[in-house]
There are 2 protein chains.
Amino acid sequence: MSERVVPEGRRQRRRPTKQGAVLSERLIVETALRLIAQHGAEALSVRRLGAALGADPTALYRYFRNTDALLLAVADEIIGRAQEGWAATGDWRTDLRELGLRIHGCYQAYPQAAALAAHRTTGRPYETRAVERILGVLRSAGFPDPLAVRIYHAFVDQALAFAAQDAAALALPPAAREKEAEVWHAVYGRLSPETHPNVAATLPLLAADMRDSGYPFALELMLAAVAALRPEPSPEG
Amino acid sequence: MSERVVPEGRRQRRRPTKQGAVLSERLIVETALRLIAQHGAEALSVRRLGAALGADPTALYRYFRNTDALLLAVADEIIGRAQEGWAATGDWRTDLRELGLRIHGCYQAYPQAAALAAHRTTGRPYETRAVERILGVLRSAGFPDPLAVRIYHAFVDQALAFAAQDAAALALPPAAREKEAEVWHAVYGRLSPETHPNVAATLPLLAADMRDSGYPFALELMLAAVAALRPEPSPEG
DNA sequence: AACCTTACGTCAACACCATTGACGTGTAAA
DNA sequence: TTTACACGTCAATGGTGTTGACGTAAGGTT
């Protein structure tokens, strides 16, 4: 039997399911995204997705080789949404900042899916486009190829890593999230200044700062360091 | 029945299993770590752990409420190991670099526990000690408190985010991991230079660079940027 | 309009998973 | 020596992803 999946381009016979739904790769991805958004990452199972689609669960295997392939498609969809309407301005620093914040922000919109998919290389169209664009920004800013590639790698991994990290926090059940925020007062606030002088000295600052994501500042630090690596310092400064 | 777990302190009747093993919380945690290290991420299941212990799988539930509780115990052990033998040298840059690489590296050794626990604030002793130490490095390097706190936040989040990110990649089933590595040749290698000129121009560099973690370079970039923020450069250098 | 070919939705089955309730044995305290 | 109960074991439940076989209806061909 070997291949039961037919690539999306060659599909011809769209037969409605018993319950009347007409399946497609796109419909399945969107349904999966909705399922995850509404009922959490653990709600995504083949059987539940089948039920949500109004089809036999195993019908999925006509569209995706396995659940991992489906997950990659979901990840790519998110990457696509992150780039919607973006265009290069010509200023590399502005462009990278914008892309980083967009990627991070878009994953936050689907925390449960992000936690599942942010660490995958999909090799799908939206992802390849993002890679192409970021490399384009760096190369036309004058970074030599080996350096551009290293910076690309650090930049992308940082954006995705923070996205997954912050998404995981958002994806916690509200009670657990609340409790985790309290730890800074409940535990760190009670540490003795003798054993933990530095924590004690900075506690109010700490408790306030840790409420938000560390990404924007980390991104600025990276951009500043990258600027210093640029071969010919532009008049900008 | 409700509580089938007896806290470690109150245990009295240690009965050997059919296969002769005498169970304990400590033995279970260590066996779990060994299982993970030796047979990969997917090897940790209740059944396999039971087999490795020489006990009925469900005997675990006498020691941990569920698998999540077990994983947290395992994670706690890892945090401890990350700081084992570390001491400040007095050079803030060396110290931060060392701590960052240690945290990242230690999580890598136990990927799936890392992926699960790296985004939680535990408030437990090993964690508070790490916070205290990092803040200490920054403050005694002369950073004013508000800046020290922001840097601390970015530094820690980046270390943990990358740790979780890279751990998640390691925790994939071997088949998926293999495939992901191949994507750079199989997909990106076949993109047309007309639609993806920047990818085409840098492909060998890309494929080579993406095999390793982006963290070490990202860390260096952050340290460089932080150095530039330092108020009064000391004679040290 | 009749015919084929086959895509694809469906069904049944498999092997694995975490978790629970009931049970009885053997240990350690009294 | 007795007794209580801790805890290892077993059976069972309901979940998971995935595969192979099957038949139907959709489309292209004639």
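Proteins get letters first, then strands, A, B, ... in listed order; numbering begins at 1 in each.
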**OP:** Compute the angle between the rotation axes at the two ends of the helix from C/dA1-D/dT30 to C/dA30-D/dT1, each taken over five pairs, rounded to 10 degrees.
**Re:** 10°
Measure the distance from [atom1] on [X] to [atom2] on [N] and round it to the nearest whole Å.
| X | N | atom1 | atom2 | result |
| --- | --- | --- | --- | --- |
| B/Leu49 | C/dT19 | CG | C1' | 15 Å |
| B/Asn66 | C/dT20 | CG | P | 8 Å |
| A/Tyr61 | D/dA21 | OH | P | 17 Å |
| B/Asp68 | C/dC17 | CG | P | 18 Å |
| B/Gln19 | D/dT9 | CD | C1' | 12 Å |
| B/Leu53 | D/dC7 | CG | P | 15 Å |
| A/Leu60 | D/dT19 | CG | C1' | 14 Å |
| B/Leu23 | C/dG26 | CG | P | 16 Å |

**OP:** Salt-bridge test for A/Asp56 and A/Lys18: reply yes if a basic N is under 4.0 Å from a carboxylate O, no otherwise.
**Re:**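 Answer for the salt bridge query: no.
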Subject >> Partner set under salt bridge (Lys or Arg N to Asp or Glu O under 4.0 Å) for B/Arg26, not counting sequence neighbours >> reply: B/Glu30
What residues form a ring-ring contact (aromatic ring centres under 6.0 Å, His included) with [X], not counting sequence neighbours?
| X | result |
| --- | --- |
| B/Tyr188 | B/Trp184 |
| A/Tyr152 | none |
| A/Tyr107 | none |

Whether [X] contacts [N] is assessed here as follows: a side-chain N or O lying under 4.0 Å from the phosphate OP1 or OP2. Is that the case?
| X | N | answer |
| --- | --- | --- |
| B/Ser45 | C/dC17 | yes |
| B/Arg62 | D/dT9 | no |
| A/Tyr63 | C/dG9 | yes |

Original post:
How is A/Ala59 classified with respect to the nucleic acid when contacts are heavy atoms under 4.0 Å: base, sugar-phosphate, or nothing?
Top reply: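 Here A/Ala59 touches the bases of the nucleic acid.
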Subject >> Flag, side chain of A/Ser45 to backbone of A/Arg48, donor-acceptor distance under 3.5 Å >> reply: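 Yes, because the side chain of A/Ser45 sits within donor-acceptor range (under 3.5 Å) of the backbone of A/Arg48.
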Original post:
Between the side-chain atoms of B/Arg15 and the base atoms of D/dG8, is any donor-acceptor pair under 3.5 Å?
Top reply: no
Subject >> Donor-acceptor pair between A/Tyr110 and A/Arg81 side chains, under 3.5 angstrom >> reply: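 Short answer, yes.
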**OP:** Applying side chain to side chain contact (heavy atoms under 4.5 Å, CB included), run through B/Trp86 and B/Leu99 and close with a yes or a no.
**Re:** CA-CA 8 Å; B/Trp86 180 88; B/Leu99 278 172; 3.6 Å; yes
Original post:
Under 6.0 Å between ring centres, would you say that holds for A/His104 and A/Phe162?
Top reply: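 No; A/Phe162 has its ring centre 6.0 Å or more from that of A/His104.
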Return the polar atom pairs (N/O with N/O) between nucleotides 10-13 of chain D and the protein under 3.5 Å, or none.
from   : atom 1 : to      : atom 2 : distance (Å)
D/dC10 : OP1    : B/Lys18 : NZ     : 2.7
D/dC10 : N4     : B/Thr58 : OG1    : 2.9

